[in-house]
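Just passing along the structure, written as structure tokens.
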Amino acid sequence: MKCVALVSGGKDSCHAMALAETNGGHEVVALANLLPQEDAPDELDSYMYQTVGHQLVGSYTSCMGVPLFRHRIRGSSKHQDLQYTQTLGDEVEDLSL
């Protein structure tokens, strides 16, 4: 199955992407990354996203030869329960384009 890998620039998302291709039989055809606003620190106090390695994600696309889709994180961590319900302004909502 063709898929888009959501990557942070950290080792775990890179490893998960490799496992999806080798063990899961998936083909990564593009990368997606959520990064901090331009005036925000590199490491956000985020419940959902790791942002400290976002500068490296462009290198992944060069190595893999796939496109990269990026979106700035606008929301903040407002909903932290185990069962997520749509919450206006929550950072999870930034996954929706």
**Fill in**
Closest non-hydrogen contact found for Ser13 with Val7 is OG-CA, 3.7 Å
**Request:** Using side-chain contact (heavy atoms from CB on, under 4.5 Å) as the criterion, list what pairs up with Ala30, not counting sequence neighbours.
**Result:** Val4, Pro67, Phe69
**Item:** CG on Leu34 to NE2 on His71, rounded to 0.5 Å
**Value:** 6.5 Å
**Request:** Enter the distance from Ser59:OG to Met64:CE here, rounded to the nearest 0.5 Å.
**Result:** 12.5 Å
**Asked** Should Leu6 and Asn33 be marked as a side chain to side chain contact (heavy atoms under 4.5 Å, CB included) after you check the CA-CA gap, both sets of side-chain angles, and the distance that decides it?
**Response** CA-CA 6 Å; Leu6 180 62; Asn33 174 253; 5.8 Å; no
What donor-acceptor contacts under 3.5 angstrom involve side-chain atoms of residues 19-29, with partners at least two apart or in another chain?
unit_1 : atom_1 : unit_2 : atom_2 : d
Glu21  : OE2    : Val28  : N      : 3.0
Thr22  : OG1    : Ala18  : O      : 2.9

